[in-house]
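Note sheet for the following structure.
Being a predicted model, the structure only gives us computed values, none of them experimental.
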Amino acid sequence: MSRGGKRASGGSGDPAVSLGNPAGRRVGNPAVRLLAARSLRTHRKAWAAVFAAVAVTSALLGGLALALGSAGLGHARVERYAAAPVVVAGDQEVSWTATPWVSEPTTETAGLTERVRIPAAAVDVLRAVPGVREAVPDDTFVVREGGADSAPGTGTRAYPGRSWDAARLAPYRLTDGREPRGAGETVAGAGLGAAVGDTVAGREVVGVADGPAALYVTAGEARRLAGHPGSVDAVGVLAEAGVPVDTLHARVRAALDGAGLRDTAAGQPLRALTGDGRGGAEHLGAPPARAELLQLLAAVSGTLVLVAVLVLASLVAQALQQRAAERELLLSVGATPRQVRAAAGREVTRVAGAAALLGALLSVPAFLMLWSALRARTGVVPEGLELPTPPWLFAAVLVVAALVVGITRLVVLLAARRPGRPGKGGVRRVAGLVLLVLGVGSAATATVQGGAAAAAAAGAATVTLVAGCALLGPWIARAAMTVLDRPFRWFGGAPGRLTAAGAGAHSRRLGAALVPVVLVTSFALVQLSAGATMERAAAAQARAATTADLAFTGTTAERVRRLPGVETATDVLRSSVVLARTEAGTPRLDRLPVLGVDAEGLAGTLDPGVVAGDLSGLARAGTVAVGADTAESLELKPGSTVELRLGDGTPKRLKVVAVYERSLALGEFLLPKAELAPHMSDPYPARVLASGTHGTSPVAPEAVTTPGAELNGIVSGGIVAAIGGLTVLSVLSTLALIGAGRRGELALLRQVGASAGQLRRMLGLEAGFLTATGLLVGLVVGALPLTAFAWALTGGLPYLPPAQAGAIAGVVLVTVVAGVFLPAARRGLTR
């Protein structure tokens, strides 16, 4: 063949026919197609590792895409208001607008988990709207077994309650008996399992209606039990025959605006809800949980994309690196660099395309398993949150498959951008050092932040440090072998000398093998240790904070104090507040757990660990105690004021009376019970803590968890396991790929006199070197952001249970040994 394009001897199938053809620069060059086809057949075993990694990546990303799509389409289920085309309710979101540094104003929103009520005057306004057949006020409340004089612990059953008038908004109809007419009568929902004539919660069941478990009472009794005269939870609007929903909604909206009605909490305009939006007035926890699920899935997807890029880049680069001699030969016989790159791109596109389609198919059961796990755990997905999966949504997996193929093709272009010119790696070295510096800086940032910001900074630091180590892999391997060179040569005999010589000659290959080991070690370390550190610190704080002798549920502190031997008791109410703040100039709204307590009952029952001020100040209205971390970040101290939005959105400026240190167990704020209770949907104590001599049952410490913590744990656990599986696969695939590429080297060693035992010991030393070095570097990479995270949130060092640490080391060891020995064993080189 000549570079001038003249045909050399050979048939029409000879690559020489078109390698030098200037037409090779055009799309569809037959030389490129031929090179790709021949190379794919020749190197199909090498591409098997890339195929497996692409398939798993496509399956994981496809499953996450389906989960994101389902959560994005999610909404609160419409049940109680199914027959009401329009529902008027309060705005269950709070918003805050601020201007970040050198940017446009930004508005943040956060969901409210307590009921935002509306004035009862709205009922008369809505009844006067043309086209409205009826406007039905609705209040939800809890009916509890036993009266106020019942003994603590005997009246723990609770039932949702409503007025019988509101039942027709579903509609729920009588299936037996009659409607209630007096305060002592009730209609039971079929889900309750009661019959006419039974007594439930001190009321006679006079009727049974279809629908879920609930007790329906008269309108007057419902107003009394709801306990908020002058306001209602919502109003269901029933239309006259023939009035379209859009017309009714427009008229209702105009009437509300004309009347100037506002909610009773923050004074915001009332909302007129239609369609799926009506469910938000029924299931208050559903919209915030949906937003948290979307944020969690988006964050996990970003992490997975970064991990996938690292894995694919390592595998593809190694696959192409092993063919450097082949590429040099093609260049020497007339192929252009562009042709070589195009052939490699076509080759990997075929491999990745088939693998991505397989992964797309596997993503559907992966998604269904994740959603099944969420629904199987009671309370993880809030009651009433619908997560639909319409058939057209599954087309998203094909888009993801195309994205994965594109990522793989991009990796090929970068890995083969200068075939035949490996260079000295100066740019790569500089880029790796820059990433390490950025990772250290991100870890340092985590130490001065708190909460989600610290976790995000630590996560970014981990990914950045691993990426830096990936670029610096050959130099890390060379440095590690420099330390072990003499011990291997002195004490390892011939296998040790072979190991040291091979490592010195192939540091790039050794670096490629180290990258996935470092990745799996650091990733598993960070994910497992971060959760364990938080749980351990919260449990320790809960044990120290709970000083009560007794704990009760289903009662109140007032009733417990009447028990003989009880010296003091406090109600513990649980709710949430919304805090507006800025971090690095960016506005954010945080919904945080909060406790309501009796100041006079704290002594001997609850010890928050006060570091400044006095908790006795909580006996006054308009006061608050603040966790030390939050107080530091907001520059608060006793005597300062802090502005919070209570659970129903009511703004409050509260005076700080104390700062305490056990906020991981108790939450970031303690409020007087009387301050918190009026802004709760159900202001009944979650727990009563008491001290005294009545009884000896121990009190189990109980830490307050942030909203969505269990949801976060299940989703994160499943995804972490999946990503961990991908990284373990990358270790095995990379080592198997390297092993396949060095079969000629091992065969040559056998030919020149090396015994099978010596080769086994050499491979064992290499496996030990990779395991030890990978674990050590991975430990350093993971420990830096972990230490910053733990110090920021707990003030201590990170913690990992010994069993989990042993599991990480064991998985890495087994995977490395399998990846090193299996390729050689299949060819019989170590037998």
Side-chain angles (χ1 to χ4, degrees), residues 94 96 98 110 112 114 265-266 448-454 537-538 541-542 544-547 570-583 587-603 605-680 683 689 703-704 706-707 792-795:
V94 62
W96 180 50
L112 299 171
E114 304 288 358
V448 296
Q449 293 180 331
Q541 288 190 11
T546 307
T547 59
T570 179
D571 289 321
V572 178
L573 278 63
R574 291 186 176 175
S575 183
S576 63
V577 297
V578 176
L579 172 67
R581 68 167 104 187
T582 59
E583 285 187 349
R588 59 178 297 154
L589 286 174
D590 293 329
R591 193 170 73 252
L592 303 169
V594 63
L595 295 183
V597 296
D598 293 319
E600 63 275 11
L602 290 178
T605 60
L606 206 61
D607 179 14
V610 175
V611 294
D614 190 346
L615 291 176
S616 63
L618 292 177
R620 302 187 300 273
T623 57
V624 65
V626 185
D629 291 338
T630 298
E632 181 180 0
S633 64
L634 299 178
E635 298 181 352
L636 298 176
K637 58 184 179 179
S640 304
T641 59
V642 60
E643 185 169 351
L644 301 174
R645 296 271 186 161
L646 300 185
D648 63 353
T650 301
K652 287 282 187 177
R653 289 191 64 85
L654 303 171
K655 182 179 179 181
V656 178
V657 297
V659 175
Y660 57 91
E661 62 181 357
R662 293 173 183 146
S663 57
L664 286 178
L666 304 179
E668 297 298 334
F669 299 97
L670 294 177
L671 271 71
K673 181 187 73 172
E675 190 78 55
L676 193 63
H679 306 281
M680 296 176 61
L689 298 178
V704 174
T706 56
L793 271 69
T794 69

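- Within the 4.5 Å cutoff, no side-chain heavy atoms of Val642 are placed close to those of Thr630.
- In this structure, CG on Asp607 lies 8.5 Å from CD on Glu661, to the nearest 0.5 angstrom.
- A donor-acceptor distance shorter than 3.5 angstrom exists from the side chain of Glu675 to the backbone of Gly622, with no hydrogens or angles considered.
- Atom CD of Glu632 is surrounded by 12 or fewer heavy atoms from other residues, nucleotides or ligands within 6.0 Å.
- Other residues, nucleotides and ligands place more than 12 heavy atoms under 6.0 Å from the CD atom of Glu643.
- Annotation: side chain of Arg574 is not in contact with side chain of Pro593 (no heavy-atom distance under 4.5 Å).
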Val594 vs Leu644, side chain to side chain contact (heavy atoms under 4.5 Å, CB included): CA-CA, chis, key distance, verdict: CA-CA 11 Å; Val594 63; Leu644 301 174; over 6 Å; no

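- With sequence neighbours excluded, no residue forms a salt bridge (charged side-chain N to carboxylate O under 4.0 Å, His left out) with Glu114.
- Looking at every heavy atom in both residues, Ser616 comes nearest to Ala599 through O-CB, 4.3 Å.
- Considering every non-hydrogen atom in both Gly596 and Leu676, the closest pair reads N-CD2, 3.6 Å.
- Under the salt bridge (charged side-chain N to carboxylate O under 4.0 Å, His left out) criterion, Asp648 pairs with no residue at all, not counting sequence neighbours.
- The line from OG1 of Thr547 to CG of Leu606 is 6.5 Å long, rounded to the nearest 0.5 Å.
- Here the closest heavy-atom approach between residue Leu618 and residue Leu670 is recorded as CD2-O, 3.7 Å.
- With sequence neighbours excluded, the residues satisfying side chain to side chain contact (heavy atoms under 4.5 Å, CB included) with Gln541 are Arg662, Leu664, Ala665.
- Val659 and Pro638 make their closest contact through CG2-CD, 4.1 Å (heavy atoms, listed as atom of the first residue, atom of the second, distance).
- A distance of 7.5 Å separates CG in Leu654 from OG1 in Thr623, rounded to the nearest 0.5 Å.
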Val572/Leu689 under side chain to side chain contact (heavy atoms under 4.5 Å, CB included): CA gap, chis, key distance, verdict: CA-CA 7 Å; Val572 178; Leu689 298 178; 4.2 Å; yes

Pair Leu579-Leu634, side chain to side chain contact (heavy atoms under 4.5 Å, CB included): steps then yes or no: CA-CA 11 Å; Leu579 172 67; Leu634 299 178; 3.9 Å; yes

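- The line from OG1 of Thr570 to NZ of Lys673 is 7.5 Å long, rounded to the nearest 0.5 Å.
- With contacts defined as side-chain heavy-atom distances shorter than 4.5 Å, the pair Val577/Lys652 does not qualify.
- Ser576 contributes atom OG, which lies 12.0 Å from atom CG of Asp590 (distance to the nearest 0.5 angstrom).
- Val610 approaches Ala658 most closely through the heavy-atom pair CG1-CB, 4.4 Å.
- Looking only at side-chain heavy atoms (C-beta outward), Leu646 and Leu671 come within less than 4.5 Å of each other.
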Test side chain to side chain contact (heavy atoms under 4.5 Å, CB included) applied to Val578 and Arg591, step by step: CA-CA 4 Å; Val578 176; Arg591 193 170 73 252; 4.2 Å; yes

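- Side-chain atoms of Tyr660 come within 3.5 Å of backbone N or O of Phe669 as a donor-acceptor pair.
- Residues Ala537 and Thr794 share a closest heavy-atom pair of CB-CG2, 3.6 Å.
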